[in-house]
Amino acid sequence: MLEGKYNFKETEAKWQNYWQEKGVYKFKEKSNRPTFSIDTPPPTVSGELHIGHIYGFSQADMYARYQRMLGKNLYYPLGFDNNGLPTELLVEKKKGIRAHTLPREEFTKIALDLVADYNQSYRDMMVRTGMSCDLNLGYNTIDNRSQKTSQKSFIDLAMRNIAYRDNKPSPWCCKCRTSVATAELEDKELDSIFNYLNFRLADGSGTIPIATTRPEFLPACVAIFVNPEDERYSCFVGKMVKVPLFEDNEVKVLTDAKVGIDKGTGIVMCCTFGDQTDVEWWREYKLPLKQAIDDGGRMTEIAGKYAGMKSAEARKAIIDDLKEQGYLYKQDAITHAVKVHERCEEPIEFMAKKQWFIRTSTPELKQKWVDLGNELNWHPESMKVRYMAWVNNLNQDWSISRQRYFGVPFPVWYCASCGKPHFADIKDLPVNPLSTSYNGKCECGSSQFEPETDVMDTWATSSVTPQINCNWAEDEQECASRMPMDMRFCGRDIITTWSLRTIIKAYYHQGTLPWKDLMVNGWVMADKGVKISKRFANSKMSLKDLLENYGADVIRYWCANGAYGRDVLLSDDGVKDGYKLVNKIWNASKFVLSFLQDYTPSKPSKILPMDNYIMHKFNEAFNATTKAYQDVEMGYAKTEIEKFFWNFCDNYIEIAKNRLYKPEVYGIEAKESAQWACYNVLLGVLKLFAITLPHITEEIYQDYFRAFEGEESIHLTVLSPIKVDEDEAIIACGDEVVDIVSKIRQFKSENKISMKTQIESLDITSANNEFIASVDYDIKAVGGIKKLTTSNGESNLTFGAIVPDEQ
RNA sequence: GGGAGUUUAGCUCAGUUGGUAGAGCACCUGCCUUACAAGCAGAUGGUCAUAGGUUCGAGUCCUAUAAUUCCCACCA
C-alpha cells in the first residue's frame, strides 16, 4: 500500500540499488531478443560531472529506455576517457608530480589509481541520476583494451599509407608543451599593440614601414611581402631589407596576393612561424626555417641577447630596444582575436616538428565524408548542416601526435641510421616503445632504433570507441557483425571532432558507418550565451545540490524539455516543474490503487462507456507518445503522456471515483468496470512515464502491479496499448462528456459556489444525446446534478436552480 | 567576409503538410471537493522582431532589414 508523502530520497536510492543487484540493465549475452547497441561517449575524467553532462546523457538514456521497453536487449556501456591531456593535468595537480619526471608506466599507474576514484564517482552520479547503462561493459581509454585498439588502428593506417609522418608546422601550446589540433583552438579577444617599424633597405636607399603585433618574431623574419597590386610599394619588390635589431639578417621583398593592401601599412614581415599565413608562405616560397621560440615558449639562440627570455618578456625588451634605436615610429593599442588552446587558453605558436597525420582532406575523401554523413540518421536533422559545413571547410589532415608522456604511445621505432619507421607486431599490442625495444633489422642494415616518444591525441582513441565496444582488436569477425552500432549521442560542440573522426576511422577500418543513428543534444546554458561548465559545478545549481533538492526523476523531467537538440537555460524555477508531476503521480496512484486492493484484474463482462472511453483515449496518447519516441523527441513524448495523465486525473478519476466509492448505489458491475479501466490505464501511464521518471514508476509498479505483471522491474516490461474493442465514435462522445463536465464547473466557478454544491437540474441538448443519456449517472455524480434531461439538437446546456448547501 | 540557428503571452518554451495563436510558470477570481491547497475550477494576457511579397488564406513559404547566438575564414 502506498502511504503518506512520496519520499524521493529513500525511494530513488532503494531502486537504484535494486537495479544493480538484480542486473536489470545488464546486457544478456545469450538472448534471442534483438540487440540495440549504444556507443556511449566516454566522459572525460577531469573533475566533476555537472548538469550539462547529465542533460545529454539523460535524454539519450530516455531513448535507450524506450528501446529497452520495445523488448530489445541493450548493449549500453559506460566508458571513461582518461588518456588525454585533461587527465594528465588532473593527475599532476592532485598528486603534485610532473608527468615528464617519471617513467611513462609509472605515471600511467598513478593515473589509473587516481582515475579509478573519479570513475567511481562519475559512475555513482550516473546511477544517482537514473542512467540505465550496463556498468559491467565499461572501459577506460587508457586501459589495455583501448590502447590495443588504438595502436592497431594506427598500425593499420600506417601500413596503408593513410597515416604518415611529416614535419608540417602545426599549432603548438607552449604551456602544455604539445602540438594541438586546429579543432582544439579557440579565439580569444586580447589587448595588443600594433608596432610600426621602419625596416632599412640594404642598399641604404631608405626605409620601409611594417606594422607588427609580434616584434619578438624579428629574429625569425625570413621575408617581406607586399601585395602585387600595391603600386605604392612596387619599387621595393626584389630588394633586400635589413631586419631591425638583427641587421646581419637580410631578407627579400616578395609579392603575394594574400597581403591586405589596407591592413597595417600594407607590408608584412613573414616569420617562421607567426601564424598560418606564414606557414603557407614558408612552404610556397621555400623560405628558410628559423625557430625563434622553443617548446616552452622561451626565445632560442637565434634571438641573440634575448635568448632564454619568455616571449612576452622578449617582446617588451625588443620594443624598448626598437624605440631606443629609432626603428619604432608609432604604436597603436588594439584588441584582436588570438588563437588560444581551448584547454588552457594560452595563445598558440606554430612549431615545425615531425608529427603523425591521418589523411582526411583530399577532395575525394571529403566527398566520402559527405556521403557517409548523408547515410547517417541525424537527430535532429538540422545538425547535419554543421557537419557538412565543417567537412567542406576541411583543409588539413588530422594531426594525431602529442608531445606528452601520458597517453597511448605510438607503437613505432625509427631506424637510427636511415629514419625508417618500424612498427610493433599487432599480436604484441599494447606496446610502449620506451620500455620495449625493436628486435628486427632495418633494410639499410642497421639494428639501432630510436623509440617514438610521442603519444597519440586522445581523439585518436576516442574515435575508435565503436571498435573498442565491438571487440575489433581481438576478433575482427565479431566486430564486423556488430558494426554499425545502433546509436551514438554527443553534444553539438563535438560533431566536428568526435563524430567526424569516428566516421573516418570506421570507414577506414570497417568500410561502414560507425552507427546508424546519431543523436546530437544541445547545451545547458547558465545564462544567455554562457555554456554551463565545470566552473558551475560548485554553484547552488551543482548536480549534487539539484539531486539533493529535487531528486533524479525531477531533474530528468527537466532534461526532457522541448525540442531535442536545442539549448536550454538552467533556472531553479524551471527545474521545479517536474516536482508537481511526480507528486501528482504519487497521489493519483495512491488513490486509484486503494480501490484495487482486493481486486484481481480480469476483463469484466460489461465495460461502461466512460471506462471504455478512457482506455481508448489512453491508446490515442500511447500512439502519440511512442511516435514521438520513435522520432527521438523525448520532450514531445513526455508532453503527450503528461497531457493525457492530467486529463485522466482531473476528469476521469473524478467521474469514476463515485462508482468506486459507492457500489451500493451504482452497482458492483459499475465498480468492476472502473477498476478494469483504472488498472490498465494507470499501468500503461506508469510504463510510459518510466522512461522519463524511472524511480517513482518503479516504486508504484513494485508495490502493486508486479504481482500481476510478473517482470521483476517495470523497466523490463514491454510497451503496449490496452486491448480494447473497436469503437470509432467513443472518443468524440467521451470528449463531449468531458466538455460538459467542464461547462458545469465553469458555471459553478462563475457563480462562486463550491464544486460539490448541488444543482437542481440540467437540460442538455446535443447531437450525441443518446450517448450522454447513457452516462447520465456519471455526469450527475461528478457535476452534482439532481435531475438530468437530454434531447437531440444543437449543443446547449440549461442550468436549473442552485441548491443551497446544508449547514 | 562566408555559413548556420534564434526572435511567438510578464518568464521558459511548443506550434508537424499554410486553415480560428498554445502549454507550464507568474498574476487575478473562486473553491478546504471522502488522493493531492505543493491541490482543484475558472478568468486575464500575444501587431507571432520589422517591412515587403506569394496565396482565397501566412507564426508557417519567398525577399530584405534589425537584434542575438554559434561555426568557419581573417587577425602582419
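Computation of the quantities below employed the complete heavy-atom set of this structure, encompassing side-chain atoms and omitting hydrogens, waters and symmetry-equivalent molecules. Letters A, B, ... are given to chains in the order of the sequence lines, protein chains preceding strands, and every chain is numbered from 1.
Remark: the separation of the P atoms in G45(B) and G3(B) is 43 Å, to the nearest Å. As rounded to the nearest Å, C36(B) and C31(B) have C1' atoms that lie 15 Å from one another. A distance of about 13 Å separates the P atoms of A51(B) and U60(B), rounded to the whole Å. Between the P atoms of G59(B) and A49(B), the separation comes to 10 Å (whole Å). With P as the reference atom, U44(B) and A38(B) are 26 Å apart, rounded to whole Å. Between the P atoms of U29(B) and U65(B), the separation comes to 48 Å (whole Å). Taking atom P in both C13(B) and C40(B), one finds a spacing of 25 Å when rounded to whole Å. Here, A14(B) and G57(B) have their C1' atoms 23 Å apart, quoted to the whole Å.
Between G274(A) and K657(A), the residue whose closest nucleotide on RNA chain B is further toward the 5' end is K657(A). Of the two residues contacting RNA chain B, namely Q746(A) and E280(A), the nearest-nucleotide position lying further toward the 5' end is that of Q746(A).
Figure legend: cation-pi geometry between K584(A) and F645(A) absent, as NZ or CZ is not positioned both under 6.0 Å from the six-membered ring centre and within 45° of its axis.
Listed pair K584(A) / C40(B) meets the phosphate criterion, a side-chain N or O lying under 4.0 Å from OP1 or OP2. OP1 or OP2 of U33(B) sits under 4.0 Å from a side-chain N or O of K756(A). Contact annotation: T277(A) side-chain N/O to C75(B) OP1/OP2 distance is under 4.0 Å. Taking 4.0 angstrom as the limit, R745(A) places none of its side-chain polar atoms (N or O) nearer than this to OP1 or OP2 of U33(B).
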Steps toward side chain to side chain contact (heavy atoms under 4.5 Å, CB included) verdict (D567(A), V524(A))
CA-CA 6 Å; D567(A) 294 347; V524(A) 176; over 6 Å; no
Could you walk me through whether K384(A) and N374(A) satisfy the side chain to side chain contact (heavy atoms under 4.5 Å, CB included) test, starting with their C-alpha distance in whole Å, then the side-chain angles of each, then the deciding distance to 0.1 Å, before giving a yes or no?
CA-CA 8 Å; K384(A) 187 156 93 177; N374(A) 278 321; 3.2 Å; yes
Verify side chain to side chain contact (heavy atoms under 4.5 Å, CB included) between Y629(A) and Y636(A), making sure each step is shown before the conclusion.
CA-CA 8 Å; Y629(A) 278 122; Y636(A) 297 164; over 6 Å; no
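Atom OH of Y564(A) and atom C1' of G5(B) are 17 Å apart (whole Å). Atom CH2 in W646(A) sits roughly 14 Å away from atom P in A38(B) (whole-Å rounding). Between the CG atom of N561(A) and the P atom of C13(B) there is a distance of 8 Å, given to the nearest Å. The distance between atom NZ of K743(A) and atom C1' of A43(B), rounded to the nearest whole Å, is 16 Å. As a whole-Å value, the separation of K752(A) NZ from C31(B) C1' is 11 Å. Computed from coordinates, the E654(A) CD to C40(B) C1' distance equals 8 Å when rounded to whole Å. When the P atom of C13(B) is taken as reference, atom NZ of K643(A) falls 20 Å away, rounded to whole Å. Distance E642(A) CD to C13(B) P: 17 Å, rounded to the nearest Å.
Formation of a donor-acceptor pair under 3.5 Å by the D397(A) side chain with backbone atoms of S361(A) is found in this model. Distance alone, capped at 3.5 Å, places no donor-acceptor pair between the Q291(A) side chain and the T272(A) backbone.
Among the heavy atoms of the strands, none lies under 4.0 Å from C270(A). Residue contacts shown for V259(A) include a base, since a base heavy atom lies under 4.0 Å away. Residue-level contact check: S594(A) touches neither bases nor backbone, having no heavy atom under 4.0 Å from any strand. Within the 4.0 angstrom heavy-atom criterion, only backbone atoms of the sugar-phosphate kind lie near A211(A); the bases stay farther away. As judged by a 4.0 angstrom heavy-atom cut-off over every strand, R566(A) is placed among residues touching the sugar-phosphate backbone only. Looking at heavy-atom distances under 4.0 Å, D650(A) makes contact with sugar-phosphate atoms alone, never a base.
Among the candidates W281(A), W282(A), F236(A), Y233(A), the single residue satisfying the ring pair (Phe, Tyr, Trp, His ring centres under 6.0 Å) test with F225(A) is W281(A).
Stacking between Y661(A) and U34(B) is present: the aromatic ring centre lies within less than 5.5 angstrom of the base six-membered ring centre, and the two planes differ by under 30 degrees.
Remark: the N658(A) side chain and the Y777(A) side chain contain no N/O donor-acceptor pair separated by less than 3.5 Å. No side-chain donor-acceptor contact under 3.5 Å links N587(A) and Y6(A).
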Review item, nucleotides 23-26 of chain B N/O atoms under 3.5 Å of protein N/O:
unit_1	atom_1	unit_2	atom_2	d
C25(B)	OP1	K580(A)	NZ	2.1

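Across A73(B), U33(B), C36(B), the shortest atom-to-atom separation from the side chain of M755(A) is found for U33(B). Of the candidates A73(B), C36(B), G42(B), G42(B) carries the atom nearest the S742(A) side chain, counting heavy atoms from C-beta on.
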How does RNA chain B look in dot-bracket notation if pairs are Watson-Crick or G-U with both distances under 3.5 Å, crossing ones as [ ], other-strand ones as |?
(((((((..((((.....[..))))..((((.......))))......(((((..]....))))))))))))....
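For the contact set between residues 628-641 of chain A and RNA chain B, defined by any heavy atom under 4.0 Å, the members are Y636(A).
Salt bridge annotation for K339(A)-D275(A): absent, with no cationic side-chain nitrogen under 4.0 angstrom from a carboxylate oxygen. Salt-bridge annotation for E280(A) and R283(A): absent, with no side-chain N of the basic residue lying under 4.0 Å from a carboxylate O of the acidic one. By the 4.0 Å N-to-carboxylate-O rule, E349(A) lies close enough to R214(A) to be salt-bridged with it. A salt bridge links K9(A) and E548(A); the closest N-O separation between the charged side-chain nitrogens and carboxylate oxygens is under 4.0 Å.
The line from CZ of F689(A) to OH of Y557(A) is 8.0 Å long, rounded to the nearest 0.5 Å.
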